[in-house]
Amino acid sequence: MYSEKIRKIFLEKNIEEGDLIKVNNLEGILMPSTEFNDPNVIVLKLKNGYNIGIEFKDSTKIELIEKRKKKEIKEERESVIIKNEELPLISILGAGGTI
């Protein structure tokens, strides 16, 4: 959770998690802060996919660049799985993230 001072600035500037913002000279998507983060560190996801933490000071400049685009909720379609018993059964394992 971000500190009260940071949350107040976000409220004044209409900034929410997921918005594209500029902190000093760095642009990124504002990420949520967890209970494990320092409350005075702003977490941004950069264009290259890495997350960084920027220590908030009184001189820190925060600017809203673009509001997060809200996704439309589409109706769920019934999925149909067609099995061909003549083909072998396969499994696909997917993993992501930085290793």
Side-chain angles (χ1 to χ4, degrees):
M1 185 129 197
Y2 289 111
S3 70
E4 186 64 36
K5 200 171 201 176
I6 294 173
R7 288 198 318 258
K8 184 178 177 186
I9 291 169
F10 289 164
L11 187 62
E12 289 170 359
K13 297 181 181 259
N14 192 28
I15 294 174
E16 301 173 302
E17 293 171 0
D19 291 344
L20 181 63
I21 65 171
K22 182 184 251 186
V23 180
N24 295 331
N25 62 344
L26 296 167
E27 285 187 21
I29 296 173
L30 178 63
M31 300 299 290
S33 180
T34 68
E35 61 188 81
F36 303 110
N37 294 18
D38 183 325
N40 288 310
V41 171
I42 299 171
V43 181
L44 292 183
K45 178 173 283 299
L46 302 178
K47 189 184 251 185
N48 64 14
Y50 284 96
N51 291 357
I52 61 166
I54 303 167
E55 183 180 9
F56 178 81
K57 299 178 182 175
D58 289 333
S59 62
T60 302
K61 295 178 185 172
I62 302 172
E63 176 186 344
L64 174 65
I65 296 175
E66 185 179 314
K67 293 296 289 175
R68 156 183 78 189
K69 292 179 176 77
K70 309 277 184 188
K71 292 184 179 181
E72 290 184 31
I73 299 174
K74 297 180 182 178
E75 280 187 37
E76 287 190 35
R77 295 185 220 166
E78 188 176 319
S79 63
V80 178
I81 299 175
I82 301 172
K83 293 183 181 179
N84 184 339
E85 300 295 333
E86 294 178 15
L87 296 175
L89 180 65
I90 63 167
S91 297
I92 299 174
L93 174 64
T98 304
I99 298 174

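Atom set for the values below is all heavy atoms of this structure, side chains included, hydrogens, waters and symmetry mates excluded.
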Trainee: So, taking the atom named CD1 in Ile6 and the one named CE in Met1, what distance separates them when rounded to the nearest 0.5 Å?
Mentor: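 One gets 11.5 Å once the value is rounded to the nearest 0.5 Å.
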
Trainee: When you compare the side chain of Val23 with that of Phe56, does any pair of heavy atoms fall below 4.5 Å?
Mentor: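 They are not in side-chain contact.
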
Trainee: Measuring from Met31:CE to Asn37:CG, what's the distance to the nearest 0.5 Å?
Mentor: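 It comes to 10.5 Å.
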
Trainee: I'd like to know if the side chain of Lys22 and the backbone of Leu26 have a donor-acceptor N/O pair within less than 3.5 Å.
Mentor: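 Not at all, since once roles are kept as given, no pair shorter than 3.5 Å links the two residues.
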
Trainee: Report yes if some heavy atom in the side chain of Thr60 is under 4.5 Å from a heavy atom in the side chain of Ile9; otherwise report no.
Mentor: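 The answer is no, as the side chains (C-beta and beyond) never meet within the 4.5 Å cut-off.
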
Trainee: What's the separation between atom CG in Leu89 and atom CG in Asn84, rounded to the nearest 0.5 Å?
Mentor: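 Answer rounded to 0.5 Å: 12.0 Å.
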
Trainee: Atom CG of Leu44 and atom CG of Asn51: how far apart are they, to the nearest 0.5 Å?
Mentor: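 Nearest 0.5 Å value for the CG-CG distance: 8.5 Å.
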
Trainee: Which value, rounded to the nearest 0.5 Å, describes the distance between Glu55 atom CD and Ile42 atom CD1?
Mentor: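 Reported to 0.5 Å precision, the distance equals 10.5 Å.
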
Trainee: Looking only at the side chains, is there a donor atom on one of Asn24 and Lys61 sitting less than 3.5 Å from an acceptor on the other?
Mentor: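 Their side chains do not contain a donor-acceptor pair, so the 3.5 Å distance test is not met.
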
Trainee: Would you call Glu16-Lys67 a salt bridge at under 4.0 Å N-O?
Mentor: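 A salt bridge links Glu16 with Lys67.
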
Trainee: Taking the side chain as C-beta and beyond, is there a heavy-atom pair between Asp58 and Lys5 under 4.5 Å?
Mentor: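 Sidechains of Lys5 and Asp58: in contact.
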
Trainee: Does a side-chain heavy-atom distance below 4.5 Å link Ile65 with Ile21?
Mentor: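 They are not in contact (no side-chain heavy atoms under 4.5 Å apart), so the answer is no.
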
Trainee: Could you give the distance from CD1 (Ile29) to CG (Asp19), rounded to the nearest 0.5 Å?
Mentor: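 Here the rounded value is 9.5 Å.
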
